[in-house]
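What follows is one structure encoded as structure tokens, with my remarks underneath.
All values below were derived from every heavy atom in this structure, side-chain atoms included, with hydrogens, water molecules and symmetry-related copies excluded. Note that ligands are numbered from 1 as they come in the structure, with each ligand's atoms numbered from 1 the same way.
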Amino acid sequence: MAPIPITEVSLVALAILLIYSLVLDPLLFSPLSKIPGPKSYALTKWRLAFEDWKGTRTRTIDQLHQRYGPVVRTGPSEVSFNSLGGLRAIYGPGSPYDRTDFYRMFDVYGRQNLFTFHSAAAHSRRKRLVSHAYSKTVVVRGPVAALVESKVAKYMNLLAAEPDGVSDVFKTLHYYSLDSITAFLYSRHGSTSAVEGSEAHRALIGDILDPARRRLSWFAVHWPGLTKWLYTRTGRLESMVKPLLPMRKPATYTGIRKFALEAYRRFESDMKKGLVDNSQTESILKRLSSAQGTGNDQEGLDDLDIASECADHLLAGIDTTSDTLMFLVWALSRPQNQRFQDRLRDEVRSIPETSLRTTEVPSVEASGRCAYLGAVIKETLRLYSPLPAYEPRSVAVHSAIDGFAIPANTTVGSSPFSLHRNPDVFKDPLVWDPERWLSTEKEDPERLAEMNRWFWAFSSGGRMCIGLHLAMAEMTTLAAAIYRKYRTSLVPDFEDVAPGITSRFEVFSDDRFSKLATKLLQGFSVKISFVTIIKLTRSI
Ligand code: HEM
């Protein structure tokens with residue numbers, strides 16, 4: 001028999017190796033092959049990437065959970081959990097799982113920050129520097145509460161001046177959250193005044209609206225090397241690759257990031273001139289800067305690290321609170337929800353006069369004590385979470401979750417979207433019903449406790465949202481002020497239209513209005529009629 005040529009042996013070996021690693025291993029031999037899910041997803045990461053491209057990832061994973069159960073394999077090395085066991089193991093206290101490289105697209109000025117650190121040690125060192133400033137005791141009383149109340153007062157002035165009492169709450173609520181977060185982070189070195197009409201500050205919101213941002217996120221996640229290469233070309237090559245750029249150059253959040261850097265530079269210059277003293281409000285910028293060169297500064301925090309940290313909090317604090325407030329006002333304004341609005345108004349009208357800061361603005365503390373308002377906000381965060389998507393985590397060792405073996409470096413995670421729509425936990429999950437959260441009303445205490453365990457809008461564990469109390473202060477105080485004074489309703493032509501928000505690659509709306517939301521999103525506007533029903537005359 002003639003000897004088989006060496007090249008043929010190599011080709012056969014290569015083919016066997018490829019078939020093994022691309023087909024047999026993922027489908028039969030990997031420990032993940034025991035996890036239910038469609039084979040096309042188990043074979044290639046590009047199957048889920050295609051859903052990302054279409055902007056349907058989160059809904060598709062939700063459908064897979066409905067079909068395959070609480071644990072679904074969504075990629076050769078990716079698993080989604082829709083269970084309390086998954087939440088505890090991945091995000092619970094002391095969990096070894098950490099954020100994946102996915103989050104590196106949120107690095108600012110090339111520097112990592114709280115949101116993007118993978119290492120738990122680096123994360124907790126940084127978090128120690130700012131966590132006190134975000135704690136409930138600091139936010140609910142003192143200068144931060146006064147700051148929020150003053151921003152609410154300005155928003156109420158804006159509403160009073162709106163022609164015909166109609167406000168586009170998509171825009172105006174973004175102005176409110178922008179002004180609140182910039183004042184909190186930068187104090188006088190970077191406070192914006194979008195609510196009061198600054199066109200330059202209002203223009204910063206334009207950054208968020210650019211639809212090309214979703215395309216750029218897709219490239220940054222799925223083709224990071226290529227994306228970096230495309231954006232770093234210069235000269236003739238730069239003009240040649242220009243048509244291929246997912247988003248025009250300079251790309252994403254440029255205005256906001258530039259603004260954030262300028263705020264830092266103003267602060268730095270005032271520091272050098274000795275114009276920043278301890279009598280001024282403790283901004284986050286000032287706290288981080290005081291840690292420079294002290295024992296707390298174990299990583300050598302430099303000026304760009306500080307600027308990056310603040311810019312990230314700025315981005316985290318704009319859409320989240322304004323989108324939630326927008327859905328809240330929209331949901332309460334729908335004709336079928338007027339009874340909820342009436343009950344809310346009764347509650348916020350009963351805030352005692354001693355807890356009012358001005359005739360129109362209740363204190364942050366008193367607003368936070370309103371139980372019905374709390375339920376309205378919670379239900380809004382359940383059905384319309386501003387960050388509804390999968391939160392990917394990984395760990396470099398083998399582990400087990402919900403009885404399934406998970407190889408090292410597998411991406412695992414859960415999403416508020418699916419957790420909050422579990423029909424076994426939330427009755428009629430697609431219906432916005434704030435009273436489901438009131439144990440004395442429709443729910444028994446056992447069911448309420450279970451719903452609370454599944455409520456996950458702010459994530460959980462060491463990486464949960466640090467801005468939770470600030471966000472709650474902004475949302476409760478503004479909503480209390482609005483519903484003490486106004487009755488809100490949808491303007492004609494907007495009755496069949498739900499608002500929409502963007503998050504990463506996707507657009508989210510009310511699932512029952514999906515077609516109509518697309519039409520609306522082209523204009524990004526949500527017009528609400530504010531009718532004064534109660535004249536607030538008492539002067540404080
Ligand atoms: C309704 C309002 C808000 C919601 C629902 C929300 C939700 C979340 C969620 C789900 C995460 C974790 C995301 C992930 O791991 O993928 C997160 C993290 C974070 N949020 Fe918020 N957020 C809100 C408002 C704010 C505000 C006002 C700030 C102000 C600075 C903020 C700052 C942050 C930061 C810095 C992180 C990273 C925390 C860490 O890794 O230690 N958030 N937020």
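- When non-hydrogen atoms are compared, ligand 1 lies under 4.0 Å from neither the backbone nor the side chain of P416.
- Note: no N/O pair closer than 3.5 Å links H313 and ligand 1 by distance alone.
- Between L114 and ligand 1, a contact under 3.5 Å exists for at least one N or O pair.
- The shortest side-chain heavy-atom distance between W437 and N452 falls under the 4.5 Å cut-off.
- Counting only heavy atoms of the protein, atom 36 (C) of ligand 1 lies nearest to F115 CD1, 3.9 Å.
- Remark: minimum distance from atom 4 (C) of ligand 1 to any protein heavy atom is reached at F458 CE2, 3.4 Å.
- Scanning all protein heavy atoms for the shortest distance to atom 14 (C) of ligand 1 gives Y103 OH, 3.3 Å.
- Interatomic distance, CG of L328 versus CG of L173, reported as 9.5 Å (0.5 Å rounding).
- Using a 4.0 Å cut-off between heavy atoms, H469 makes no contact with ligand 1 at all.
- For the pair R382 and F426, the distance from NZ or CZ to the six-membered ring centre is under 6.0 Å and the angle to the ring normal is within 45 degrees.
- Heavy atoms only, all atoms of each residue included: L32 and P407 are closest at CD2-CD, 3.6 Å.
- Close approach of ligand 1 to T324 (heavy-atom distance below 4.0 Å) involves ligand atoms 1 (C).
- Counting the atoms of ligand 1 from 1 in the order shown, those under 4.0 Å from a heavy atom of R504 are 16 (O).
- For ligand 1, none of its N or O atoms has an N or O atom of T321 under 3.5 Å away.
- A distance of 6.0 Å or more separates the ring centres of W432 and F327.
- At a heavy-atom distance under 4.0 Å, only side-chain atoms of L387, from C-beta outward, approach ligand 1.
- Shortest contact from atom 34 (C) of ligand 1 to any protein heavy atom: I466 CG2, 3.7 Å.
- When each of Y155, Y486, Y483 is paired with F530, the ring pair (Phe, Tyr, Trp, His ring centres under 6.0 Å) condition holds for Y486 and for no other.
- Between R463 and ligand 1, a contact under 3.5 Å exists for at least one N or O pair.
- For the salt bridge (charged side-chain N to carboxylate O under 4.0 Å, His left out) test with R111, the passing option among D303, D305, D312 is D305; the others fail.
- Remark: ligand 1 atoms within the under-4.0 Å shell around heavy atoms of A457 are 5 (C), 7 (C), 10 (C).
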Inset, instruction - Check step by step if salt bridge (charged side-chain N to carboxylate O under 4.0 Å, His left out) holds for R463 and E391. - result: CA-CA 10 Å; R463 305 303 292 259; E391 296 172 18; over 6 Å; no

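- At under 3.5 Å, not a single nitrogen or oxygen of D312, backbone or side chain, sits near a nitrogen or oxygen of ligand 1.
- Close approach of ligand 1 to M464 is summarised as follows: ligand atoms under 4.0 Å from at least one heavy atom of the residue are 38 (C).
- Among the atoms of R99, some N or O lies under 3.5 angstrom from an N or O of ligand 1.
- Ion pairing between a basic and an acidic side chain is recognised when a charged N comes within 4.0 Å of a carboxylate O; E506 and R57 show no such pairing.
- For the residue pair R59 and S509, the shortest heavy atom distance occurs at NH2-N, 3.9 Å.
- With F81 as reference, D402 is the one residue of L87, V72, D402 to meet the side chain to side chain contact (heavy atoms under 4.5 Å, CB included) rule.
- Atom 24 (C) of ligand 1 has as its closest protein heavy atom T320 OG1, 3.3 Å.
- Salt bridge annotation for E262-K258: present, with a cationic side-chain nitrogen under 4.0 angstrom from a carboxylate oxygen.
- Every atom of ligand 1 is numbered from 1 in the order shown, and the set under 4.0 Å from a heavy atom of P386 is 5 (C).
- For ligand 1 and I181, the ligand atoms under 4.0 Å from any heavy atom of the residue are 29 (C), 30 (C).
- Residue L468 does not touch ligand 1, judged by heavy-atom distances below 4.0 Å.
- The option from C465, S385, S415, A473 that lies nearest to atom 17 (C) of ligand 1, judged by heavy atoms, is C465.
- For atom 32 (C) of ligand 1, the closest non-hydrogen atom on the protein side is A316 CB, 3.5 Å.
- With hydrogens left out, the protein atom closest to atom 39 (C) of ligand 1 is H123 NE2, 3.4 Å, a heavy atom.
- Nearest protein neighbour of atom 30 (C) of ligand 1, counting heavy atoms only, is Y134 OH, 3.2 Å.
- Remark: distances from the non-hydrogen atoms of E309 to ligand 1 are all 4.0 Å or more.
- Residues F267 and I306 have side chains not in contact (no heavy-atom distance under 4.5 Å, counting atoms from C-beta outward).
- Among D302, N113, D107, the single residue meeting the side chain to side chain donor-acceptor pair (under 3.5 Å) criterion with S308 is N113.
- Checked against the 6.0 Å centroid criterion, the rings of Y103 and F115 qualify as a close aromatic pair.
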